[in-house]
Amino acid sequence: MYDFSYKNINKVKKDPKDYLVFVKRLLPRWINGIPDSECIAIFETLDLLRKRKKSKLFLAETGCGASTIAMFLHCSLYGGKMFSWDTNANKGSFLRSVLSESIGKSLKVDVNEIWEFIGFDSTDPHIGMNILKEKKVKTDFCFFDSWHTLKHVMSEIKSVESSLSKQFILAFDDAYYKKKNFNFSYINMLRSKMKLKKIKEPVNNNCLSFFVEIEKYLKRKYSSVKRLKSSYKKNFKKDIFFKYYDADRKFMNSLGMEEKNKLSYRYESFFVKK
Ligand SMILES: C[S@@+](CC[C@H](N)C(=O)[O-])C[C@H]1O[C@@H](n2cnc3c(N)ncnc32)[C@H](O)[C@@H]1O
C-alpha cells in the first residue's frame, strides 16, 4: 500500500531530502505531525552531526510520526540505529509497515535491524529512555516531541542523559511552548470534543519558552552548548504543510496548540559537548 514508486530511486543518495518529502507526504494527518520544513531540518541536523562526528549515529525520539521517517532515512543511507518511544502503540505498528514498504523496500534495508519502537511512556523508570544506558547505547541525537510540558520534557532529558555520548544534539518540536506542568491547549482540545467547557489556564502554569529553559539547564551542566541555526526558520513560511492542513490548524490556533507568531521557534536544537 505504501510502495509507491519514486521518480528515480537511483538518485536518492544525491537528493535524499526530496525523497524524504515524497515518503512523508504518503502519511495520513494523524501521523504527519510536523511540517515538511521541520522534517527536512531534522535530516539536515543529522547530516551535520554525522559529518562532525565522522561516525554512524545512535538516535532517539519521543513521539513518533514524520520525524521517524527523517531519522529512519538517515540510518538507511548512512548506517546507525534508532529508538522511538510513543504511548500510542498503533503509531509504531503503522509506521513499521510504512517504513518497510517504502524506504525499506526501495533501499533494501530491514526496518527491524534499524528501528526499535517502545510503545510506552518515555520517562518510565524501567522501560523509558534510561534503558539506552542498559543497552550500552551512546546516544548522539534526540528529538523530543511527546507530551508538551516543561515538566515532561525535562524528565525526558534526565532520562536520556545517562546514555548521551561526549558530543550530542538535542532537538525539540514546539520549542516555543511555555506550559510548565499541564498542557491545557491539548486538554481543552479533548474537552471541546466532549462538549465540555474550556479550562482557563492558571498563571502559575507559565514558564519561559522551553528552548530558553532548556538552554539554561544545559549551560549549567555542560561545558559547551550552542543553539544551532536551521533551515526551518528560513523555509517554514513557504511550507505547503501549513496551507494543506489549514482547516484543522485554525481550530488548533484557537486553543493555543499552535501560535502563528511564534512558529519560527518551533524547531530548536542544541549542539552540546560534555
Ligand atoms: C505531536 S505527536 C508526535 C509527532 C511526530 N513527532 C511527528 O513527526 O509526526 C506526540 C506523540 O507523543 C506521544 N506521547 C504523549 N505522551 C507520551 C509519553 N509520556 N511518552 C511517550 N509518548 C508520548 C503521543 O502518543 C503522540 O503520538
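No experiment lies behind these values; they were computed from the predicted model shown. For ligands, and for the atoms within them, numbers begin at 1 and follow the listed sequence.
Taking every non-hydrogen atom of Phe120 and a distance limit under 4.0 Å, the qualifying atoms of ligand 1 come out as 20 (N), 21 (C). Short contacts between ligand 1 and Trp147, defined as distances under 4.0 Å to a heavy atom of the residue, involve ligand atoms 15 (C), 16 (N). Those atoms of ligand 1 with a heavy atom of Lys91 less than 4.0 angstrom away are 2 (S), 3 (C), 26 (C), 27 (O). Atom numbering of ligand 1 starts at 1 in the shown order; those under 4.0 Å from a heavy atom of Asn88 are 25 (O). If you number the atoms of ligand 1 from 1 as listed, the ones under 4.0 Å from a heavy atom of Asp121 come out as 18 (C), 19 (N), 20 (N). The ligand atoms of ligand 1 that sit less than 4.0 angstrom from a heavy atom of His152 are 18 (C), 19 (N). Taking every heavy atom of Ala66 and a limit of under 4.0 angstrom, the matching atoms of ligand 1 come to 7 (C), 8 (O), 9 (O). Using a 4.0 Å cut-off to heavy atoms of Ser67, the atoms of ligand 1 that qualify are 5 (C), 6 (N), 7 (C), 8 (O).
Using a 3.5 Å distance cut-off with no hydrogens or angles, the side chains of Tyr222 and Glu161 do pair a donor with an acceptor. Side-chain atoms of Asp140 and Ser165 form a donor-acceptor pair, as typed in the model, at a separation below 3.5 Å. No hydrogens or angles considered: a donor-acceptor pair under 3.5 Å links the side chains of Asn112 and Arg96. Side-chain atoms of Lys180 and Asn204 form no donor-acceptor pair, as typed in the model, at a separation below 3.5 Å.
With Thr68, Asp86, Ile69 as candidates, the residue nearest to atom 25 (O) of ligand 1 on a non-hydrogen basis is Asp86. In this structure, of Thr87, Asn183, Leu27, the residue bringing a heavy atom nearest to atom 23 (C) of ligand 1 is Thr87. The closest heavy-atom contact to atom 5 (C) of ligand 1, among the options Gly33, Cys64, Cys39, comes from Cys64. Distances from atom 3 (C) of ligand 1 to the heavy atoms of Asp145, Thr123, Ile42 show the closest one on Asp145.
The closest approach between Thr62 and ligand 1 stays at or above 4.0 Å for every heavy atom of the residue. Within the 4.0 Å heavy-atom cutoff, Glu156 does not count among the residues contacting ligand 1.
Contacts between Glu61 and ligand 1, counted as non-hydrogen atom pairs separated by less than 4.0 Å, are absent for every part of the residue.
Applying the salt bridge (charged side-chain N to carboxylate O under 4.0 Å, His left out) test to Lys198 and every residue at least two apart in sequence or in another chain returns nothing. For Phe141, there are no ring-ring contact (aromatic ring centres under 6.0 Å, His included) partners at least two apart in sequence or on another chain.
Of the protein's non-hydrogen atoms, the one nearest atom 12 (O) of ligand 1 is Ser146 CA, 3.3 Å. Looking only at protein heavy atoms, the nearest one to atom 20 (N) of ligand 1 is Ser122 N, 3.0 Å.
Of the polar atoms of Asn32, none of the N or O atoms is found under 3.5 Å from an N or O of ligand 1, judged by distance alone. At a 3.5 angstrom cut-off on N or O pairs, His148 does not count as close to ligand 1.
Between Phe210 and Tyr265, the distance separating the two ring centers is not shorter than 6.0 angstrom.
Salt bridge status for Lys7 with Asp18: present, with a side-chain N to carboxylate O gap under 4.0 Å. Here Glu116 does not pair with Lys81 in a salt bridge; the nearest charged N to carboxylate O distance is not below 4.0 Å. A salt bridge between Glu201 and Lys178 is absent, with no side-chain N of the basic residue lying under 4.0 Å from a carboxylate O of the acidic one.
Applying the side chain to side chain contact (heavy atoms under 4.5 Å, CB included) test between Ser67 and each of Phe43, Phe143, Phe144 identifies Phe143 as the sole match.
Within a 6.0 Å radius of NZ in Lys17, other residues, nucleotides and ligands contribute 12 heavy atoms or fewer.
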